[in-house]
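Working notes for the structure below.
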Amino acid sequence: RAKAAGEGTFARYDPAMHSGLVDRLQLAADLRRALETTGELVLHYQPTIELRSGTVTGFEALVRWRHPTRGEISPADFIPLAESTGLIRPLGQWVLAEASRQCVEWSRPAPDRPLTMAVNVSGRQFDQTDLPAIVAGVLADTGLPAERLCLEMTESVLMNDTEENLAVLLSLKQIGVKLAIDDFGTGYSSLAYLRRFPVDTLKIDRSFVERIGGATPDAALARTIVQLGQSLGMATVAEGIEQYAQFLALRRMGCDVGQGYYFSRPLPAREAGALLRDPAAVAV
Ligand code: C2E
Ligand code: MG
Ligand code: MG
Ligand code: MG
């Protein structure tokens, strides 16, 4: 609400700014409490679809906060708050554990069909030198095979090109988890980091998928990212597929996997599980 009036202003007394700060402090306190409460923070799961075959390969876990008085708060609003307060560490650890546990549960009836689980990991979590130990602990506790867990990071993590950061990514690779660059193509970094960092998957940002029909610059960029992935031996995933035409265009380009409202919105665990038992539930 008062966010626009916040940063960078020097007003001595700005009631809007005051309420904004109080608001954020209150929300941070609420988030701290939510982390200790069952059921306020939940994960929704959006299926990922192999474009060639139309089969569900797994899910991306997306956190939801059902605030007792404010209703559902979008992760776009509370993840930054979690990052600035340090709560992203316990929150991120809970997401990792819960998503991994869920993946194992869903895999049990069909061990021959390995499902993958993609988890968003904030740059603040990659700053933790103990992130590899946390991930290894979650894998050990849940029994999820490492290669079935994919950690999604934004380009900013790779732009933060420090030795510590590289060491964390290399240890994660050593554990055997997959690493994906989320929202690929929207950052400002050079492509050189693709050589330096052990990345498995490029996730094409939704903005390129939106206007992919016809001979648009976005179609050319999407195709280029798919080809880049292919030449570097990386898988490509397109996010934000909403229309049949976008699905067809991406499949024709050779993009491996897609996700988006066209196939399914992110779903509560129960519905996502039902979708696994009824493959016809996903439109292709
Ligand atoms: P993201 O990782 O890029 O996730 C994709 C976002 O696009 C999700 O929004 C998803 O609901 C939405 N989406 C999926 N398909 C479509 C589509 O066809 N059309 C449109 N318009 N949108 C689609 P959501 O769930 O609100 O999450 C927003 C962002 O919040 C995520 O972007 C991610 O960066 C962050 N986030 C979500 N969960 C977590 C988490 O557990 N940890 C961290 N660190 N970040 C998270
Ligand atoms: Mg993501
Ligand atoms: Mg994304
Ligand atoms: Mg995105």
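Whatever order the structure lists ligands and atoms in, that order sets their numbers, starting from 1. Because only heavy atoms are used, hydrogens play no part in the values below, and waters and symmetry mates are left out as well, while side chains stay in.
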Here the vertex angle at the Mg ion (ligand 2) for OE1 of E152 and OD2 of D182, given to 10°, is 90°
When you compare ligand 1 with Q46, is there at least one nitrogen or oxygen pair between them that comes in under 3.5 angstrom?
yes
Honestly, for S122 the part within reach of ligand 1 (heavy atoms, under 4.0 Å) is both
Review point. Short question: side chain of T48, backbone of G58 - any donor-acceptor pair under 3.5 Å?
Key: yes
Checking heavy atoms under 4.0 Å, the part of N120 that sits near ligand 1 is both
Numbered in order shown, the ligand 1 atoms found under 4.0 Å of a heavy atom of D182 are 1 (P), 2 (O), 3 (O)
Aromatic rings Y45 and F59: how do their planes relate, parallel, tilted or perpendicular, breaks at 30° and 60°? perpendicular
With heavy atoms and a 4.0 Å threshold, my read on which part of E239 contacts ligand 1 is side chain
- Is the Mg ion (ligand 2) less than 2.8 Å from an N/O/S atom of E239, whether that atom is in the backbone or a side chain? no
Whether R64 lies under 4.0 Å from ligand 1, heavy atom: yes
Quick look: L91 vs ligand 1, heavy-atom contacts under 4.0 Å, and the answer is neither
Does G92 come within less than 4.0 angstrom of ligand 1, counting non-hydrogen atoms of the residue?
no
Value for CD (E83) from CG (D127), rounded to nearest 0.5 Å, stands at 9.5 Å
Any heavy atom of H44 under 4.0 Å from ligand 1? The part involved is neither
Min over D205, D77, L62 of heavy-atom distance to atom 31 (C) of ligand 1 lands on L62
Short version for E60: what comes under 4.0 Å of ligand 1, heavy atoms counted, is side chain
message: If you take the centroid of each ring, where Trp contributes its six-membered ring, are F247 and F263 closer together than 6.0 Å?
response: yes
So the atoms of ligand 1 within less than 4.0 Å of a heavy atom of E242 turn out to be 17 (C), 18 (O), 19 (N), 20 (C), 21 (N)
With rounding to 10 degrees, E60 OE2, the Mg ion (ligand 2) and N120 OD1 define an angle of 90°
Counting from 1 in the order shown, the ligand 1 atoms closer than 4.0 Å to a non-hydrogen atom of V95 are 41 (O)
Paired with E40, the side-chain hydrogen bond (donor to acceptor under 3.5 Å, both in side chains) test is passed by just one of H67, R66, R33, namely R33
- request: Verify, without hydrogens or angle tests, whether Q246 (side chain) and E242 (backbone) share a donor-acceptor contact under 3.5 angstrom.
  value: yes
Here the atoms of ligand 1 under 4.0 Å from any heavy atom belonging to G240 are 16 (C), 17 (C), 18 (O)
Quick note on ligand 1: atoms under 4.0 Å from a heavy atom of G260 include exactly 15 (N), 18 (O)
**OP:** Spell out, yes or no, whether I241 and L267 are grouped together once hydrophobic residues are joined by side-chain heavy atoms under 4.5 Å, including indirect joins.
**Re:** yes
Short version for V63: what comes under 4.0 Å of ligand 1, heavy atoms counted, is both
For the CZ atom on R196, are there more than 12 heavy atoms of other groups (residues, nucleotides or ligands in this structure) within a distance under 6.0 Å? yes
